[in-house]
Amino acid sequence: MSEIIEKSFAYLDELNDVQRKAVECISGPVMVIAGPGSGKTRVLTYRIAHLINSGVAPWQILSLTFTNKAAREMKERIERVIGQRANKIWAGTFHSLFARILRVEAHRIDYPNDFTIYDADDTKSVIKEILKTMSLDTKVYNPGTIRSRISSAKSNLITPKAYARDEELLQTDKMNRMPLVHQIYEKYVLKCMRAGAMDFDDLLLQMFKLLYQNPDNVKDKYQRQFQHVLVDEFQDTNFLQYAILKQFMDYEGSEKNICIVGDDAQSIYSFRGATIENILQFENDFADVQTFKLEQNYRSQHHIVEAANGIIGYNKKQIDKKIWTDRTGENKIKIIKTVSDSEEGKRVADLIIEQKNRYGLENQQISILYRTNAQSRVFEENLRRYNIPYRIYGGMSFYQRKEIKDLMSYMRLVVNPRDDEAFKRIINYPKRGIGNTTVTKLLQLAEDNQISLWECLPHAQVTARTESLLAGFAKIIAECRVKAKEANAYDTAHYIAKKSGIMTAMKADKSMEGMGRLENINALLDGMQEFVEDDEVEDDNLDNDKSLARYLQNIALITDADDDKGETNVVTLMSVHAAKGLEFKSVFVVGLEENLFPSFMSLSDPNQIDEERRLFYVAITRAEEYLTLSHSNSRYQYGQMRFNDPSRFLEEIPPENVDSIIPIKKESDSPFGTPKILGNFKPLRRAPMPKVNAAGFVANNPKEIKEGMKVMHLKFGEGKVMKIDERQVATIHFKEIYDSPEKRIMLQYAKLQILE
DNA sequence: GGGGGCTATGGGGGG
DNA sequence: CATAGCCCCC
């Protein structure tokens with residue numbers, strides 16, 4: 001007996017003193033301040049394992065992480081220590097776990113349990129709709145800005161009414177020439193309610209409401225269940241998230257078993273409402289907090305650790321701590337200066353080749369980090385040229401593609417017919433002759449009666465023809481709903497794709513893009529089949545529910561970082577934000593220039609500069625052994641050449657940790673000659689436009705253009721006329737357009753020069 | 001009502 | 001540079 005217990009506690013020996021104390025201190029409020037690479041994940045996983053070994057049931061543990069991937073990995077690690085039971089832990093992001101609870105409880109707060117989750121695009125579209133009804137100009141009332149105002153109001157538990165009374169908020173809106181934001185906010189909330197939809201903030205806000213208003217004593221249920229709460233990356237939680245955590249803890253006789261782990265120096269999400277105040281407030285809100293500081297960095301060599309310490313010292317507000325390492329190593333930080341962004345791309349790619357050859361690095365040990373996603377292109381191009389496989393995180397994800405959103409909109413409407421955003425998207429897709437006029441009528445009717453578009457369908461005042469078209473659409477959705485009740489997600493989706501006419505429309509399109517779209521649709525369906533056939537009962541699917549509603553819930557909160565399907569040994573390209581929590585043997589932080597990193601948006605506000613500095617701190621502490629920083633004298637930004645000074649952060653690095661500046665090299669002297677070909681990989685999604693020499697271009701009379709001719713187009717370059725139809729529309733294959741070479745050009749207006 | 005070309009405009013990080 | 005929305009013609 002004792003042997004078994006001893007054996008099962010063996011993991012404690014893998015911890016250093018502080019880590020072990022943080023793991024063993026299992027009751028009452030605990031705060032762990034964890035520097036980069038200090039074994040934070042290890043503490044969290046072992047702490048959970050230790051809780052379970054100490055008699056806590058896995059389902060009584062709520063573990064909140066930043067990404068679902070982090071949660072999944074943590075569960076796997078715990079499973080290795082305590083076995084299968086680990087599955088029952090409630091581990092995930094705030095958003096995904098609360099969505100899961102709301103799926104069961106939403107009816108108690110006047111939402112359907114099958115509520116839709118609106119993404120950022122849906123939200124903006126709702127706001128645009130409101131602006132239209134209020135006759136406000138979207139140039140002045142920027143939907144994106146309004147969205148973030150509403151989001152931050154929700155994140156701070158400010159209701160529309162409270163917003164309308166808040167002098168400071170009103171003042172800010174006035175200064176932005178948007179005095180009516182509070183009205184838009186109010187309408188927005190009503191519209192979402194009407195549509196049975198929650199946006200990302202609602203997943204938190206409605207969860208809070210559920211606990212705070214406590215209908216049917218539902219609060220007790222969750223308070224009793226979640227005996228132990230753990231929160232990772234606490235520095236990036238917002239007021240609302242913290243308010244929910246306090247709700248869980250707030251009852252008579254509560255043991256307040258809450259363990260937060262974070263690092264004030266790595267707080268990088270204040271733009272979406274995260275606040276370091278939460279860390280500082282924690283000790284005030286909970287009595288007798290036990291605090292542990294993890295200060296030993298196991299990840300990075302000492303030059304990197306010292307550089308990080310050096311730069312973060314420029315920030316004023318900090319929790320006192322000293323990050324140190326006993327790792328040695330001679331690699332100093334390299335700084336590259338280039339003349340242009342394209343050269344920056346080339347130099348980084350050259351250095352990657354060099355590191356791979358000289359140090360035997362694998363692709364997967366290398367990462368390129370940038371401040372903005374828009375910077376990825378030059379690196380993409382150069383890696384591609386050297387045949388180095390890579391993967392870009394962020395940017396447009398699979399689920400944001402048009403064809404995927406179209407099919408998903410059908411699914412959404414089938415699950416929740418009140419989903420107005422889905423409705424608008426597909427009412428006339430595929431084309432069924434229901435145009436803008438009709439949709440406008442429906443929108444007006446919905447607005448007048450405060451009901452959803454779906455509910456308006458039978459009552460629209462339209463011509464008999466349109467009426468039957470609308471009825472046809474309603475019939476399709478109704479039939480799909482019947483199917484959805486009895487069939488699983490995959491079968492329903494198949495049925496929908498067929499009934500809706502999407503499949504027919506897709507298959508009719510034989511163009512290159514069309515084929516690609518069909519491929520994506522099929523990929524989505526394959527993914528759904530996988531979802532249905534996966535017989536492993538995951539803990540967040542205890543009932544093994546394979547319905548369409550369930551599938552949509554799973555998919556709505558997936559991000560790029562969550563699924564790492566396919567290629568594994570690839571160079572990683574991502575924003576610094578996305579790199580949080582990751583580590584690589586070699587890291588390139590690029591674009592270290594004033595106006596870019598730090599971002600021009602932050603220059604006027606010292607607090608924001610501090611946040612940029614923390615972001616830089618996060619960036620360089622991702623590196624284990626090799627850290628290379630680059631900046632360029634000039635770069636193309638928004639279509640213009642810009643000239644930026646080197647980032648102030650470069651000067652803040654202690655000189656003793658920096659290698660002498662590497663001089664600019666000429667194109668020809670790549671350190672190892674011509675790079676060798678290394679495996680194959682997916683082609684670049686978006687090829688650059690060809691460069692056409694405008695001088696010397698003379699457009700021919702369109703009447704002279706005939707099939708089979710070689711022509712020059714000012715924008716698309718050289719192409720061959722494949723076909724000219726009866727309406728004088730030419731199908732031209734442009735040889736320099738890689739992703740979709742076939743364009744349909746109206747001859748009447750086209751500027752084409754005949755080449756031969 | 002539908003489609004494509006053209007013009008003006010904005011421009012960060014993400015669940 | 002990307003793209004939303006305008007505008008024009010079928």
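Within every chain, numbering begins at 1; the chains are lettered A, B, ... in the order of the sequence lines, protein sequences first and strands thereafter. These numbers were taken from a predicted model, which means no experiment stands behind them.
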Is there aromatic stacking of A:Phe271 on B:dG12 here, judged by a ring-centre distance under 5.5 Å and a plane angle under 30°?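 One would not call A:Phe271 stacked on the B:dG12 base.
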
Under the 6.0 Å and 45° cation-pi test, does [X] pair with [Y]?
{"X": "A:Lys580", "Y": "A:Phe66", "value": "yes"}
{"X": "A:Lys402", "Y": "A:Tyr429", "value": "yes"}
{"X": "A:Arg272", "Y": "A:Tyr269", "value": "yes"}

Does A:Arg432 get its side chain close enough to the base of B:dG2, under 3.5 Å, for a donor-acceptor pair?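 No, the side chain and the base share no sub-3.5 Å donor-acceptor pair.
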
Quick one: does A:Glu611 reach the base of B:dG12 with a side-chain donor-acceptor pair under 3.5 Å?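 Answer is no: no donor-acceptor pair is held.
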
Closer to the 5' end of DNA chain B via nearest nucleotide, is it A:Ser151 or A:Phe600?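 Result: A:Phe600.
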
For DNA chain B, whose closest nucleotide is more 5', that of A:Thr466 or that of A:Ser602?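 Looking at DNA chain B, the more 5' nearest nucleotide goes with A:Thr466.
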
Where A:Thr65 and A:Ala71 come nearest, the two heavy atoms and their spacing: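 Scanning both residues, the minimum pair turns out to be OG1-CB, 3.4 Å.
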
Side-chain N or O of [X] versus OP1/OP2 of [N]: is the shortest distance under 4.0 Å?
{"X": "A:Asn373", "N": "B:dG14", "answer": "yes"}
{"X": "A:Arg377", "N": "C:dC1", "answer": "no"}
{"X": "A:Ser575", "N": "B:dG12", "answer": "no"}
{"X": "A:Asn428", "N": "B:dG2", "answer": "yes"}
{"X": "A:Lys431", "N": "B:dG3", "answer": "yes"}

Watson-Crick or G-U stems involving DNA chain B, each at least 3 pairs long, distances under 3.5 Å, ordered by first number: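 Detected stem regions: B:1-10 with C:1-10.
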
Would you kindly give the [atom1]-to-[atom2] distance between [X] and [N], to the nearest whole Å?
{"X": "A:Asn68", "N": "B:dG14", "atom1": "CG", "atom2": "P", "result": "16 Å"}
{"X": "A:Tyr429", "N": "B:dG2", "atom1": "OH", "atom2": "P", "result": "14 Å"}
{"X": "A:Met641", "N": "C:dC1", "atom1": "CE", "atom2": "P", "result": "11 Å"}
{"X": "A:Glu233", "N": "B:dG15", "atom1": "CD", "atom2": "P", "result": "12 Å"}
{"X": "A:Gln375", "N": "C:dC1", "atom1": "CD", "atom2": "P", "result": "16 Å"}
{"X": "A:Leu204", "N": "B:dG15", "atom1": "CG", "atom2": "C1'", "result": "9 Å"}
{"X": "A:Asp137", "N": "C:dG5", "atom1": "CG", "atom2": "C1'", "result": "13 Å"}
{"X": "A:Asp119", "N": "B:dG15", "atom1": "CG", "atom2": "P", "result": "13 Å"}

Are A:Tyr118 and A:Tyr188 close enough that their ring centres sit under 6.0 Å apart?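 So the answer is no for these two rings.
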
Quick check, are the ring centers of A:Tyr370 and A:Phe588 under 6.0 angstrom apart?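 No, the ring of A:Tyr370 stays outside the 6.0 Å limit from the ring of A:Phe588, centre to centre.
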
From C-beta outward on A:Arg371, which listed nucleotide comes closest to its side chain: B:dG1, B:dG15, B:dG13?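 Per side-chain heavy atoms of A:Arg371, the pick is B:dG13.
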
Among B:dG15, B:dG14, B:dG12, which nucleotide has an atom closest to any side-chain atom of A:Thr372?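 The answer is B:dG12.
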
Residues in contact with DNA chain B, drawn from residues 121-134 of chain A - heavy-atom cutoff 4.0 Å: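 Close to the strand, none.
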
When the P atoms of C:dA4 and B:dG13 are compared, how many Å lie between them, rounded to an integer?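 My reading of the P atoms in B:dG13 and C:dA4 gives 16 Å.
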
Evaluate side chain to side chain contact (heavy atoms under 4.5 Å, CB included) for A:Thr93 paired with A:Leu557, printing each intermediate quantity in order. CA-CA 9 Å; A:Thr93 61; A:Leu557 298 167; 5.6 Å; no

Reckon A:Gln241 touches a base, only the sugar-phosphate, or nothing at all at heavy-atom distances under 4.0 Å?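 No contact.
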
Classify the nucleic acid contact of A:Tyr269 as base, sugar-phosphate or nothing, counting any heavy atom under 4.0 Å across all strands shown.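 It contacts sugar-phosphate atoms only.
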
